[in-house]
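Have a look at the structure below before the remarks.
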Amino acid sequence: MRPCSTVMHLLLRCMRGCGRHSRSRMPRRLRQPVSYIKLIFKSLYFNSLTNSEVVLDCILEPVFWTVEVVTRWFGMVFVFLVVALTSSVVFIAYFCLLPLVLQTYSLGWMMWHICYGNWILVMIVFHYYKATNTPPGYPPKMKNEVPFVSFCKKCVIPKPARSHHCGICKTCILKMDHHCPWLNNCVGHYNHRYFFSFCVFLTLGCMYCSISGRNLFIDAYNAIDEISQPPYTYKDRMFHKSVIYMWVLTSTVSVALGALTLWHAVLITRGETSIERHINNKEAKRLAKRGKVYRNPFNYGKLNNWKVFFGVEKRSHWLTRVLLPSGHTPYGDGLTWDIYPLKKDMMPV
């Protein structure tokens with residue numbers, strides 16, 4: 001038996017023993033409330049769903065509640081930080097580094113930096129705007145014929161496959177991946193692609209600034225670190241500090257966000273979300289004890305998973321829907337997942 005079950009048995013045995021000795025001496029008017037208290041206590045134990053995990057969730061419920069409240073109230077603060085930090089890097093790049101590029105680089109390198117930098121900036125702004133303003137998708141709250149796999153006790157509505165309840169948004173989300181405080185929005189069926197693309201292009205942009213600004217960072221750091229500094233003007237000192245600030249920020253973000261982006265890329269390759277990753281691991285372990293192998297029903301093959309995720313239907317879509325801004329909707333409605341008729345290659349792309 002589980003540890004919590006053993007403790008409950010011991011407590012009940014003690015209460016039962018004490019009750020036998022004191023029942024004869026207890027006033028009749030107290031017997032009913034005492035019996036009622038015992039019944040409540042027993043109801044906590046005589047429940048097939050009660051186990052150590054449920055007890056642990058109850059103990060940690062105040063912690064979960066605190067995190068949900070903080071995330072809900074500070075969502076706009078996180079969004080402001082993303083916009084402010086990104087804008088500061090763009091400002092430094094345009095007003096500090098771009099004039100230097102125009103003066104020192106050849107025409108070919110100058111055109112490459114201008115085209116690549118502006119393309120990355122457009123992709124970052126577009127996908128962040130779409131990720132924050134696109135609803136992730138919600139199950140219908142009225143009675144319908146959509147098949148469901150479970151029932152949400154908080155929303156009191158049926159939950160379709162891959163749907164989960166978000167405690168911060170206070171509603172169920174279609175194909176929920178997680179609630180992102182940096183978006184102040186849930187990542188679900190309709191904005192999952194925008195979120196991932198934003199992470200990819202922001203990582204590429206930070207890596208671009210970090211690599212291309214490495215020599216400038218070294219020069220600026222040495223200029224500030226020198227004991228006998230030459231007579232730098234206020235403009236020169238601000239330029240050095242701006243370069244150091246940009247390089248440290250972009251390098252840090254490229255490492256941290258790059259790791260997160262790689263993790264989500266692995267999940268997309270496997271055809272699962274962050275929540276489904278934990279669920280599938282538990283299910284795989286449960287079936288492994290029975291000598292069976294768990295197979296993810298939403299895994300259509302590595303390449304097909306990427307095609308489904310990006311909405312690629314023909315070769316040109318890799319350009320128009322992946323490498324360029326595109327507001328197309330994802331496959332399906334997020335309610336049913338039998339819309340992909342082929343387990344083989346969906347299309348010769």
Side-chain angles (χ1 to χ4, degrees), residues 4 43-44 47-82 128 130-144 146-196 198-199 256-257 259-261 263-264 267-268 270-283 286 296 298 330 333-337:
C4 68
S43 66
L44 298 176
N47 189 339
S48 60
L49 300 178
T50 302
N51 52 34
S52 58
E53 294 182 357
V54 174
V55 174
L56 183 62
D57 288 342
C58 294
I59 295 175
L60 295 178
E61 184 64 28
V63 179
F64 298 150
W65 180 84
T66 304
V67 173
E68 291 176 359
V69 171
V70 171
T71 305
R72 188 182 305 115
W73 285 101
F74 284 87
M76 293 304 298
V77 176
F78 290 132
V79 172
F80 173 78
L81 286 176
V82 173
Y128 186 72
K130 296 293 286 185
T132 54
N133 289 275
T134 302
Y138 312 103
K141 298 185 181 299
M142 304 299 294
K143 186 177 180 181
N144 57 79
V146 176
F148 60 94
V149 296
S150 61
F151 195 84
C152 181
K153 298 179 181 179
K154 297 183 179 180
C155 295
V156 196
I157 59 172
K159 290 199 303 185
R162 313 187 80 176
S163 298
H164 301 279
H165 184 86
C166 176
I168 299 173
C169 296
K170 299 296 184 183
T171 186
C172 288
I173 306 297
L174 297 177
K175 191 195 165 190
M176 180 178 176
D177 187 89
H178 69 288
H179 184 94
C180 181
W182 300 104
L183 302 178
N184 194 28
N185 195 9
C186 262
V187 177
H189 178 63
Y190 288 101
N191 65 346
H192 194 179
R193 177 178 65 89
Y194 298 128
F195 163 77
F196 179 76
F198 165 72
C199 292
L257 187 60
L260 177 66
T261 304
W263 169 244
H264 278 279
L267 295 178
I268 295 170
R270 295 173 176 174
E272 56 188 8
T273 62
S274 300
I275 296 177
E276 291 171 352
R277 177 61 178 168
H278 299 289
I279 297 175
N280 292 345
N281 282 341
K282 288 185 178 180
E283 192 67 14
R286 185 182 69 85
N296 180 14
F298 310 111
D333 55 5
L335 299 174
T336 58
W337 296 95

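Starting from 1, each residue takes its place in the sequence as its number. These numbers were taken from a predicted model, which means no experiment stands behind them.
- Looking at every heavy atom in both residues, His192 comes nearest to Lys175 through ND1-NZ, 3.7 Å.
- Between Leu267 atom CG and Ile275 atom CD1 the span is 11.0 Å, to the nearest 0.5 Å.
- Counting all heavy atoms, side chain and backbone alike, Pro160 lies closest to Pro158 at CD-O, 3.6 Å.
- For the atom pair OG1 of Thr132 and CZ of Phe78, the computed distance is 15.5 Å after rounding to the nearest 0.5 Å.
- Atoms OH and SG, on Tyr138 and Cys186 in that order, are 7.5 Å from each other to the nearest 0.5 Å.
- Note on ring orientation: taking the six-membered ring where Trp is involved, the planes of Phe298 and Trp337 are perpendicular (angle over 60°, cut-offs 30° and 60°).
- Pro330 approaches Tyr190 most closely through the heavy-atom pair CD-CD2, 3.8 Å.
- Atom NE2 in His164 sits 13.5 Å away from atom OG1 in Thr171 (nearest 0.5 Å).
- If you take CE on Met176 and CG on Leu174, they are separated by 11.5 Å, rounding to the nearest 0.5 Å.
- Tested against Arg162, the residues His189, Glu276, Glu272 include a single side chain to side chain donor-acceptor pair (under 3.5 Å) partner, Glu276.
- Annotation: side chain of Val79 is in contact with side chain of Tyr128 (closest heavy-atom distance under 4.5 Å).
- Among the candidates Pro135, Cys180, Cys166, Pro136, the single residue satisfying the side-chain contact (heavy atoms from CB on, under 4.5 Å) test with Asn185 is Pro136.
- Between Phe195 and His178, the angle of the ring planes goes over 60°, which puts this pair in the perpendicular group of the 30/60° scheme.
- Looking at every heavy atom in both residues, Arg270 comes nearest to Asn296 through O-ND2, 3.2 Å.
- Taking the side chain as every heavy atom from C-beta outward, Asn191 and Lys130 never approach each other to under 4.5 Å.
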What verdict does the side-chain contact (heavy atoms from CB on, under 4.5 Å) test give for His264 and Ser274, after you've listed the backbone C-alpha separation in whole Å, the side-chain angles of each residue and the deciding distance to 0.1 Å? CA-CA 8 Å; His264 278 279; Ser274 300; 3.6 Å; yes
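- Separation of atoms CG (Leu260) and CH2 (Trp182) is listed at 11.5 Å; rounding is to 0.5 Å.
- The shortest side-chain heavy-atom distance between Phe151 and Val156 falls under the 4.5 Å cut-off.
- The minimum heavy-atom distance linking Thr261 with Cys199 is given by the pair OG1-CB, 3.4 Å.
- Counting all heavy atoms, side chain and backbone alike, Leu335 lies closest to Pro139 at CD2-CA, 4.3 Å.
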